[in-house]
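Report on the structure given below.
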Amino acid sequence: MSRRWIQNPNRCSDKYLDGIEDFIEFACRQNPGATRIRCPCRKCNNTLWETIENVGFHLVRNGMIETYSIWNLHGEQLDHASSSNATRMDSVEPIVDHNDQVMDIIEDVFPFASTNISNEREDDMPTPIDSAEFEQYEKLLKNANQELYPGCESFSVLTAIVELMHGKIKYRMSNLYFDYFLGVFKRMLPTDNCLPKDHKQAKKMLNGLGLGYEKIHACKNNCMLFYKEHETLDTCLICNESRFKMTSQNRTTKIPQKVMRYLPLKPRLQRLYMSTHTATDMRWHKEKRVDDDVMRHPADGEAWKEFDRTFPEFAADPRNVRLGLATDGFNPIHDDDCFDN
């Protein structure tokens, strides 16, 4: 079976799509009854397990790993001659400089700050920057340029924190678990290392990257949020449940019964356009999508096209965003309502 389609740059071509079909059929044949398989797209890199449907979507969107021409991780048997070749090819990974990646992130977050510093022409007017924002930028830049320990060329302080926090989230480590291993790593490194001592300190160093969240107190029984005009209330308007837990009188701070973490949407959308890595993807549906009556993206659907016809001015600018609300797994009926009948 020819695998040349893997190197095909046109992921909308018939040969590439037929190749994906062949791969999925092969994987299903080798793993009968499996609902999830390793995803060999360039992003998942055969390390994440996805549904069959998602694997097909990822391969169209991201492309398959170009070196994965022998599908040994999906059940293909290797003879002795090809085994060494497969090992060699699978071990080839793109060379990624994590320090450069972190610097790219900082420039995405503070594009005006980095432009002003690098701009040495006297006739150019610098963009005004908020002093607090610039202070955050300088702190991040300092941590991005500071070696993790004297003589360390692989990791800066900021790069190490980003890598560790990424692992914490990816593998769902608790704060206590993370603190323990962070302490172990710190003791393993030379004594003059700059690794933060715990999760709280690491999180504080990353605050400058933005995209934080807002804590909003909620009723213990999910009746209401203590928000906006209800922010000063101490009891729920619906069930009269106390907003705070019962604590000793010596405690100065009150502990809420329940907290909702709100992730503001606007700054996250803005970041997608601020980043040079994602700005082009946000316009892909208009500028690079192949309109050939094949359903690969929501923009190929009739609902999207009908929206464009109804609001032509909105559709004319490819930067405008369409938001969809997914309610998968959401129960619209309150538990108490189930017993009303």
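In this chain, residues are counted from 1 in sequence order. These numbers come from the heavy atoms of this one structure, side chains and all, not from hydrogens, waters or symmetry mates. Everything quoted here is computed from the prediction, not taken from an experiment.
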Transitive ILVMFWY side-chain link Leu164 to Leu206, under 4.5 Å: yes
For residues 169-182, run the donor-acceptor check on the side chains, cut-off 3.5 Å, and write out each pair with its distance to 0.1 Å, sequence neighbours left out.
residue	atom	partner	partner atom	Å
Ser174	OG	Tyr177	N	3.1
Asn175	OD1	Lys168	NZ	3.1
Asp179	OD1	His199	N	2.6

Within one Ile-Leu-Val-Met-Phe-Trp-Tyr cluster: Phe57 and Ile52, side-chain cutoff 4.5 Å: no
Side-chain touch Glu306/Arg309, heavy atoms, less than 4.5 angstrom: yes
Residue pair Asp198, Gln201: steps toward the side-chain contact (heavy atoms from CB on, under 4.5 Å) verdict: CA-CA 6 Å; Asp198 54 28; Gln201 195 177 78; 3.3 Å; yes
Test log, rule side-chain contact (heavy atoms from CB on, under 4.5 Å), inputs Leu48 and Lys43: CA-CA 9 Å; Leu48 300 181; Lys43 187 174 181 180; over 6 Å; no
Side-chain heavy atoms of Asn54 within contact of Cys39, under 4.5 Å: no
Nearest non-hydrogen partners of Gln30 and Gly75, listed with the distance: OE1-O, 3.1 Å
Main-chain N/O of Arg38 paired with His74 side-chain donor or acceptor, under 3.5 Å: yes
For Glu214, all residues meeting salt bridge (charged side-chain N to carboxylate O under 4.0 Å, His left out), sequence neighbours excluded: none
Closest non-hydrogen atom pair between His217 and Pro256, with its separation: NE2-CG, 3.6 Å
CZ on Arg283 to CG on Asn320, rounded to 0.5 Å: 12.5 Å
Donor-acceptor contact present, side-chain Arg11 to main-chain Arg61, <3.5 Å: yes
Nearest-0.5 Å distance that lies between atom CG in Leu265 and atom CD in Gln270: 9.5 Å
Closest approach of Ile216 to Tyr262 (non-hydrogen atoms, all atoms of both residues): CD1-CB, 3.9 Å
Which residues share a ring pair (Phe, Tyr, Trp, His ring centres under 6.0 Å) with Tyr149, sequence neighbours left out: none
CE/Met295: more than 12 non-hydrogen atoms of other groups inside 6.0 Å: yes
CZ (Arg4) with more than 12 external heavy atoms under 6.0 Å: no
Under 3.5 Å donor-acceptor, Asp317 side chain and Arg319 backbone: yes
Single-linkage hydrophobic cluster, 4.5 Å side-chain cutoff, Leu148 and Val184 together: yes
Cys239 to Asn221 - nearest heavy-atom pair and separation: SG-ND2, 3.5 Å
Check: Lys186 main-chain N/O paired with Asn193 side-chain donor or acceptor under 3.5 Å: yes
Residue pair Glu76, Arg3: steps toward the salt bridge (charged side-chain N to carboxylate O under 4.0 Å, His left out) verdict: CA-CA 13 Å; Glu76 186 167 14; Arg3 309 264 168 95; 3.3 Å; yes
Test ring pair (Phe, Tyr, Trp, His ring centres under 6.0 Å) applied to Trp49 - qualifying residues, sequence neighbours left out: none
Straight-line distance of His230 NE2 to Met224 CE, nearest 0.5 Å: 4.5 Å
Backbone of Leu73 reached by a side-chain donor or acceptor of Tyr68 within 3.5 Å: yes
Passing candidate, side chain to side chain contact (heavy atoms under 4.5 Å, CB included) with Pro40, options Leu59, Ile6, Asn45: Leu59
same_hphob_cluster(Met260, Tyr213) at 4.5 Å side-chain heavy-atom cutoff: no
Approximate separation, where rounding is to 0.5 Å, of Tyr16 OH and Asn10 CG: 10.0 Å
Residue pair Cys219, Ile238: steps toward the side-chain contact (heavy atoms from CB on, under 4.5 Å) verdict: CA-CA 9 Å; Cys219 170; Ile238 311 300; over 6 Å; no
Interatomic distance, Met282 atom CE to Glu287 atom CD [nearest 0.5 angstrom]: 12.0 Å
Trace of the side-chain contact (heavy atoms from CB on, under 4.5 Å) decision for Asp300 with Val294: CA-CA 7 Å; Asp300 296 315; Val294 177; over 6 Å; no
Validation row: Met64, Phe23 side chains within 4.5 angstrom (heavy atoms): yes
Atom pair CH2 (Trp5) and CG (Asp14), whose distance is rounded to the nearest 0.5 Å: 14.0 Å
Where Ile37 and Ala27 come nearest, the two heavy atoms and their spacing: CD1-CB, 3.8 Å
Shortest non-hydrogen separation from Thr235 to Ser242 and the atoms involved: CG2-CA, 4.3 Å
Check: Asn222 and Lys258 side chains under 4.5 Å, non-hydrogen atoms: yes
Greater than 12 external heavy atoms within 6.0 Å of Glu53's CD: no
For Phe314, all residues meeting ring pair (Phe, Tyr, Trp, His ring centres under 6.0 Å), sequence neighbours excluded: Phe307
Ring geometry between His297 and His285 (parallel below 30°, tilted from 30 to 60°, perpendicular above 60°): parallel
Working for salt bridge (charged side-chain N to carboxylate O under 4.0 Å, His left out), residues Glu302 and Lys305: CA-CA 5 Å; Glu302 186 56 35; Lys305 294 175 181 177; 5.4 Å; no
Which residues share a ring pair (Phe, Tyr, Trp, His ring centres under 6.0 Å) with Tyr273, sequence neighbours left out: none
Same apolar cluster (I L V M F W Y, side chains within < 4.5 Å links), Ile161/Phe185: yes
